[in-house]
Amino acid sequence: MNFYITTPIYYANAELHIGHGYTSVITDVLKRFHTLFGEESFFLTGMDEHGAKVEEAALAQGKTPQQLCDENYLKFVESLKTLGISYNHFIRTTSDRHKKGVQKLLTTLWNAKTPDGQSAIYQGKYEGLYCIGCEKFITEKELTPEGLCPNHLSKPKLVSENNWFFRLTSYLDKVEEHIRSGRIRIMPEGRRNEVLGLLKQGLNDFSISRERLNWGIDIPFDPSQKTYVWVDALPNYITAIGYGDDPEMFDKWWNKSQVVHLMGRDILKFHAIFWPALLMAAELRLPDIMFIHGYLSLNGQKISKSLGNVISNEHLAEQFGRDAARYLLVSQFPFHLDGDISYPRLYEKYNSDLANDYGNLVSRVVKLTIANFDGKIPPSDGTSDDHSDELAGLISTTPQKVSEQIRNIDVLSAVESIWALIRAANRYFDYNKPWELAKQGNHAKLANVLHRSLEAVRIAATLTWPIMPQKSEVVFNMLGVAPGYQPSIDLAGRQDVLKAGTVLNPLDNIFPRLQAPKEEKVETAKPADTELPEGIVTIDDFFKTKLVVAEVVACENVPETSKLLKLQIAIGEDKRQIVAGVAEYYKPEEMVGKKIVVVANLKPTKIRGIDSNGMLLAAKKGKELKLVTVDGDIPSGATVG
RNA sequence: GGCGGUGUAGCUCAGCUGGUUAGAGCAGCGGAAUCAUAAUCCGCGUGUCCGGGGUUCAAAUCCCUGCACCGCUACCA
């Protein structure tokens, strides 16, 4: 079976940081493990270059969008290189190949009929709030309390236009079926449930084109429109492997491979629902696995530009070395959970696993061999000695174990299995005390012990090759097996690979111990206020909320809702409108004339598309709700506090 | 509000369909050793398995309920 694995394509306007690096390293490690297993494997990554945001950014910098993308492409490639990412192809959505593939897909969809005989694509009108950053329409409910896009903290625009729609709704049943049956395996389980939950709630058809977009792929059947994000981005997974121009390649990597998509949870819906539906409409094979990895945080804080705690791939690689950085990213926490990176822990892990266990093993074995056997691999007569059975047992079982763990996308457990072997090798070495054998002149046993230990080193380097390929090459070279040594899972299970008499090439320590920088303490955390008990606020905090008395001058139900009232209120001279979820407790006519207490300085928002400029206060317990009003008469506008 | 997830040693986490004294790594403590990168090896954990009920001969593991945190979602604002 071939193995085809993809990362999401990274947005051209972003800066690649450790989050992207993490995704890429996971993918790279998985791909290399499959190579180690002897499978043909293909690793795709790339960039998503179209969209209004790229265009705007280019304009702001006085460049053409293409120029900007070209520049960022070079940066992306450079950044991925620092982590040793060995992708087979980097797809650019501005490439001819991709454009051609997308147009082929669109033409196919244009001619496609849904299972119930309707055309898969139809023309419709779309109106909604559109966030340029997200490249998507967002609903009012998604907005922050300030009415901004939650991801970009920018104000969405109201957009209305004709565009082409994909009849997603006709495919939802089938999609659900495939997810339930496991034909499309969504990992981990929790994410699968989330998708099923989404399907249960129902989704709408989605639009696949935009008329106001310049920077995008032409719609083949309508020159006035450009392709809209998901039908441009998602097909990268097939255009990159020849959907549009290389049927043989496409057949090999799409039809005859295990297809694995890796992603973060933000794009799960599009991958788990939209993508299979599009593929079904185009009568193409479905992907096999969607793996949703967790997000990285840094010292407990979300990694984000605005918080200023973005850490670059280059930085991590510089700090620990390329391969060690990869190891640290992959061995700290399970992929499916969010993980927190902290420098002290990174250094701890580096020193204990890489310097102490692995690096030191290599160093002690090689140096003792060189000192006693003239720098050559000594012969072994295969007799067992102290703890050699334990080591041999691990050597024969670990490869199988590791391959099972990797097939479950559980690299953390695989790492643990490999390290159990490395520790056993250290243990074996200690039990047999080769340094004493040397002093005693027991060369026969010494030869055995060192030969076994050298094989163990070779095996460790073979098993860790997918994670730390460069270091493994160094070890292979040190053992005199390189070049020409193709690490494979089979070779990791054998103890008869090294040839007696081979000259070792001594090298420096592969993982020198590192001292954590003393003042890596970037954390100022909070200005260390006067230590307030949990849940206690100061009077200043309280008065940030401006409470005033308002009079309800008019009130009506919000149509098609059961809980919402729209009310016009007067705060002194100031008139404003608020929406409140109290319709189940108060009739509109009861509200008029009431003096209520409202939060006056709440950021305006929209509820069900209606402006709301404040929030009224009410007391609620169980099924009872009462408005907060004032005792006696006081003019509206009076402050409360 | 609805759905889902998580809550196990100081830290990061394993513990599948219930069954010997609840585990690993790291940190910590004690010891051995000195080939090696002050690395290694051996020994050391009385943990309210979040709380409370229940089912069972037997529950961290199943059921109910409460709490906390997280995710998705909603006519919360």
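Quick note on labels: first sequence line is chain A, next is B, and so on, each numbered from 1. Reckoned from all heavy atoms, side chains included, excluding hydrogens, waters and symmetry mates.
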Separation of [N] [atom2] from [X] [atom1] (nearest whole Å):
X: Ile422(A); N: rU40(B); atom1: CD1; atom2: C1'; answer: 14 Å
X: Leu268(A); N: rC70(B); atom1: CG; atom2: P; answer: 20 Å
X: Tyr343(A); N: rC26(B); atom1: OH; atom2: C1'; answer: 20 Å
X: Tyr327(A); N: rC26(B); atom1: OH; atom2: C1'; answer: 11 Å
X: Leu391(A); N: rC41(B); atom1: CG; atom2: P; answer: 13 Å
X: Ile186(A); N: rG5(B); atom1: CD1; atom2: P; answer: 15 Å
X: Lys269(A); N: rG71(B); atom1: NZ; atom2: P; answer: 17 Å
X: Leu199(A); N: rG4(B); atom1: CG; atom2: P; answer: 15 Å

Ionic contact status for [Y] with [X], cut-off 4.0 Å:
X: Lys433(A); Y: Asp386(A); result: no
X: Glu177(A); Y: Arg180(A); result: no
X: Arg423(A); Y: Asp357(A); result: yes
X: Arg427(A); Y: Glu390(A); result: yes

Checklist entry - In this structure, which one of Phe320(A), Trp419(A), Tyr358(A) forms a ring-ring contact (aromatic ring centres under 6.0 Å, His included) with Tyr327(A)? => result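 Exactly one pass, corresponding to Trp419(A).
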Item to check | Qualifying residue, where the test is ring-ring contact (aromatic ring centres under 6.0 Å, His included) with Trp230(A) and the options are Phe270(A), Phe206(A), Trp275(A) | outcome: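 In the set Phe270(A), Phe206(A), Trp275(A), the residue that makes a ring-ring contact (aromatic ring centres under 6.0 Å, His included) with Trp230(A) is Phe270(A).
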Item to check | Check: Gln577(A)/Gln568(A) side-chain N/O donor and acceptor closer than 3.5 Å | outcome: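 There is such a pair between these side chains.
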Opposite nucleotide pairing with [N], Watson-Crick or G-U, both atom distances under 3.5 Å:
N: rA60(B); value: none
N: rA74(B); value: none
N: rG10(B); value: rC26(B)
N: rA32(B); value: rU40(B)

Next on the checklist: Can you identify which nucleotide, out of rC11(B), rU73(B), rC41(B), has its nearest atom closest to the Arg345(A) side chain?
Outcome noted: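 Among rC11(B), rU73(B), rC41(B), the one nearest the side chain of Arg345(A) is rC11(B).
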For nucleotides [N] and [M], find the distance between their [atom1] atoms and express it as a whole number of Å.
N: rC70(B); M: rA33(B); atom1: C1'; value: 48 Å
N: rA39(B); M: rC26(B); atom1: P; value: 13 Å
N: rG43(B); M: rU6(B); atom1: C1'; value: 35 Å
N: rU37(B); M: rC29(B); atom1: C1'; value: 24 Å
N: rG52(B); M: rG19(B); atom1: C1'; value: 25 Å
N: rG31(B); M: rU8(B); atom1: P; value: 33 Å
N: rA14(B); M: rC57(B); atom1: P; value: 33 Å
N: rC3(B); M: rC63(B); atom1: P; value: 15 Å

Remember a base hit wins even if backbone is also touched, and classify [X] as base, sugar-phosphate or nothing at under 4.0 Å, heavy atoms.
X: Ala580(A); value: sugar-phosphate
X: Asp340(A); value: nothing
X: Glu416(A); value: nothing

Checklist entry - What one-letter contact string describes nucleotides 33-38 of chain B from 5' to 3', where B marks a base within less than 4.0 Å of any protein heavy atom, S marks contact via sugar-phosphate atoms alone, and - marks no contact? => result SSBBB-
Checklist entry - OP1, OP2 of rC41(B) versus side-chain N and O of Arg423(A): anything below 4.0 Å? => result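 For Arg423(A), the contact criterion (side-chain N or O under 4.0 Å from OP1 or OP2 of rC41(B)) is not met.
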Checklist entry - Mind checking whether Tyr431(A) and His387(A) have parallel, tilted or perpendicular rings, split at 30° and 60°? => result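 The rings of Tyr431(A) and His387(A) lie parallel, inter-plane angle below 30°.
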Checklist entry - Closer to the 5' end of RNA chain B via nearest nucleotide, is it Lys349(A) or Asn426(A)? => result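 Looking at RNA chain B, the more 5' nearest nucleotide goes with Lys349(A).
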Next on the checklist: Rounded at 0.5 Å granularity, tell me how far NZ in Lys566(A) sits from CE in Met591(A).
Outcome noted: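 One gets 14.5 Å once the value is rounded to the nearest 0.5 Å.
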